[in-house]
Amino acid sequence: MGISFSGRTGRAPVRHFYTRDSWIDGRAEDQLAQVAGWSGMQSVAGFPDLHPGKFGPVGAAFLADRIYPQLVGTDIGCGMGLWRLDLPRRKLKLDKAAKRLEVLERGTDPAQAADALAAAGLTGQIGEAGLGTIGGGNHFCELQTVEETDGTAGLHKGDLCLLVHSGSRGYGAQIFDGLEDSWKAGFDPQSAAGNAYLALHARAVAWARLNRRLIAETAADALGTTVTPLCDSVHNSVVAHQGHWLHRKGAAEADRGLVPLAGSREAPSFLLALPDTVPEALSSVSHGAGRRYDRASMHGRVRKVRSELEALTRTRFGGRVICHDRDLLIEEAGPAYKAPEAVLADLTAFGLATPLARMVPLITYKTSGGQR
DNA sequence: ATGTAC
């Protein structure tokens with residue numbers, strides 16, 4: 001028994017929006033319960049892509065009367081954007097396109113980056129380095145083709161799309177790392193520290209959004225075409241929500257209409273429509289399939305012989321994976337992820353989402369760089 | 001997650 005002076009005492013309610021059909025790591029559920037006991041926590045929602053994270057689980061939303069930067073993490077503003085490519089499938093030569101996407105390695109050139117940042121209202125102390133680059137980990141730029149759709153989102157069967165998963169690169173990390181350790185672990189939103197963090201957080205979100213757009217535009221330009229934006233959804237952030245602070249960690253915004261649900265290089269992705277009619281889901285929804293196996297354990301699941309590594313660069317859709325970093329190729333292999341179909345089935349069963357389109361990967365671009 | 005800490 002204890003006394004808390006910050007609103008709710010005791011454990012916040014935890015709602016999970018998944019069934020036993022979506023494989024959930026018990027350690028992630030332990031993390032969910034643990035965070036529900038943090039000071040000022042009001043309500044917690046876990047989604048079917050739930051998996052363990054560093055300070056708390058990924059694939060969850062947390063409503064609190066305090067701000068917890070560590071729940072957002074270092075990659076403030078990370079998200080997924082989907083663009084339709086103005087290029088017919090028949091004009092696409094896979095290997096040639098894969099080669100052309102190597103321009104993504106360079107990022108936006110400094111002069112153009114400065115202009116783009118200024119146009120986005122981002123001036124002053126702000127990182128230009130890294131703008132227009134994908135980054136590491138689970139980030140990618142994926143060329144996909146629409147296999148199935150009802151046409152309502154302006155997509156048609158056979159259309160080409162770009163799904164970009166990236167974030168605020170060094171800029172967001174610099175903001176998080178610059179916080180006092182005690183602030184990382186939570187602070188009062190009314191404090192000067194709270195306001196300073198929220199201002200920097202807003203800049204990182206804008207930076208990350210711009211980054212995804214520049215990646216899509218650069219990729220389209222390299223392929224000799226242009227893009228039309230469909231949606232862009234942030235999944236690492238904190239925003240004001242019903243008089244409290246809503247933290248999303250690997251959870252997409254369900255109050256902005258459409259979001260992409262990323263599959264993997266070996267599984268389809270979906271475009272979702274979101275009714276946002278279930279208050280306990282905290283206006284949030286899954287951002288992807290979610291990890292099944294952690295990075296370290298993936299190394300024990302792949303035999304490091306040339307034939308097996310080579311096989312990881314070809315997908316069951318006849319697609320290509322461009323990843324010249326051997327460790328990353330293994331850690332992000334298809335089997336590392338849950339089945340997005342199971343995640344989608346749970347989301348629809350709980351009334352959180354309706355699929356509008358199903359896309360399969362043709363080129364999953366990670367990096368042309370060497371080993372790490 | 002990070003022009004990466006140990």
Side-chain angles (χ1 to χ4, degrees), chain A residues 28 31 49-60 62 68-81 102-110 113-114 117 125-142 163-179 181 183-185 197 200-201 203-212 214-215 233-238 247-252 262 264 287-291 293-296 298-299 323-332 336-337 365-372:
Chain A
Q31 287 186 326
D49 52 344
L50 193 78
H51 59 280
K54 188 171 180 182
F55 296 107
V58 181
F62 310 90
Y68 288 101
Q70 65 186 13
L71 281 182
V72 177
T74 55
D75 196 0
I76 303 163
C78 184
M80 307 247 185
E102 285 178 17
V103 294
L104 293 170
E105 224 63 41
R106 289 201 294 273
T108 308
D109 78 71
L117 287 164
Q125 291 247 318
I126 196 149
E128 310 176 346
L131 193 68
T133 60
I134 295 167
N138 55 4
H139 291 175
F140 57 78
C141 173
E142 190 167 87
L163 179 63
V164 179
H165 180 191
S166 189
S168 51
R169 310 288 284 107
Y171 184 56
Q174 178 193 313
I175 291 169
F176 182 78
D177 291 341
L179 298 172
D181 281 350
W183 297 356
K184 290 177 187 171
Y197 172 75
L200 291 169
H201 169 282
R203 287 163 67 86
V205 169
W207 198 105
R209 261 190 220 288
L210 173 63
N211 192 38
R212 288 187 288 276
L214 289 172
I215 290 167
S233 174
V234 176
H235 57 235
N236 290 349
S237 68
V238 57
H247 304 72
R248 293 183 175 104
K249 180 60 172 178
S264 74
H287 73 318
R291 230 174 216 289
Y293 300 122
D294 64 39
R295 290 168 189 286
M298 283 307 293
H299 287 277
C323 183
H324 293 205
D325 178 325
R326 192 191 73 164
D327 288 340
L328 195 53
L329 180 67
I330 291 165
E331 292 162 7
E332 293 294 318
Y337 288 88
Y365 193 90
K366 299 287 284 184
T367 177
S368 302
Q371 312 261 312
R372 45 175 203 217

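A note on names: the letters A, B, ... follow the listed sequences, proteins ahead of strands, and every chain is numbered from 1.
- dT2(B) atom C1' lies 15 Å from atom OH of Tyr171(A), rounded to whole Å.
- Protein atom CD1 of Ile134(A) is 14 Å distant from nucleotide atom P of dG3(B), rounded to whole Å.
- Here the C1' atom of nucleotide dT2(B) and the CG atom of Asn236(A) are 13 Å apart, to the nearest Å.
- A cation-pi contact, defined as under 6.0 Å to the ring centre and within 45° of the axis, links Lys184(A) to Phe176(A).
- Within the structure, every side-chain polar atom (N or O) of Arg169(A) is placed at least 4.0 Å from both OP1 and OP2 of dT4(B).
- In this structure a side-chain-to-backbone donor-acceptor pair under 3.5 Å is present from Lys366(A) to Gly137(A).
- The nearest whole Å value for the distance from the CZ atom in Phe55(A) to the P atom in dT2(B) is 15 Å.
- We find that CG of Asp75(A) is positioned 14 Å from C1' of dT4(B), with the value rounded to whole Å.
- Between Met80(A) and the choices Glu142(A), His139(A), Arg212(A), His235(A), the side chain to side chain contact (heavy atoms under 4.5 Å, CB included) rule is met once, by His235(A).
- Using a 4.0 Å heavy-atom criterion, one finds that Gly73(A) contacts no nucleic acid atom at all.
- If you take CE of Met80(A) and C1' of dA1(B), they are 13 Å apart, rounded to a whole angstrom.
- Closest heavy-atom contact between His299(A) and Arg295(A): CD2-O, 3.4 Å.
- When the P atom of dT2(B) is taken as reference, atom CG of Asn211(A) falls 10 Å away, rounded to whole Å.
- Gly136(A) comes within 4.0 angstrom of sugar-phosphate atoms only, judged by non-hydrogen atoms across all strands, and of no base.
- Between the CD1 atom of Ile175(A) and the P atom of dT2(B) there is a distance of 14 Å, given to the nearest Å.
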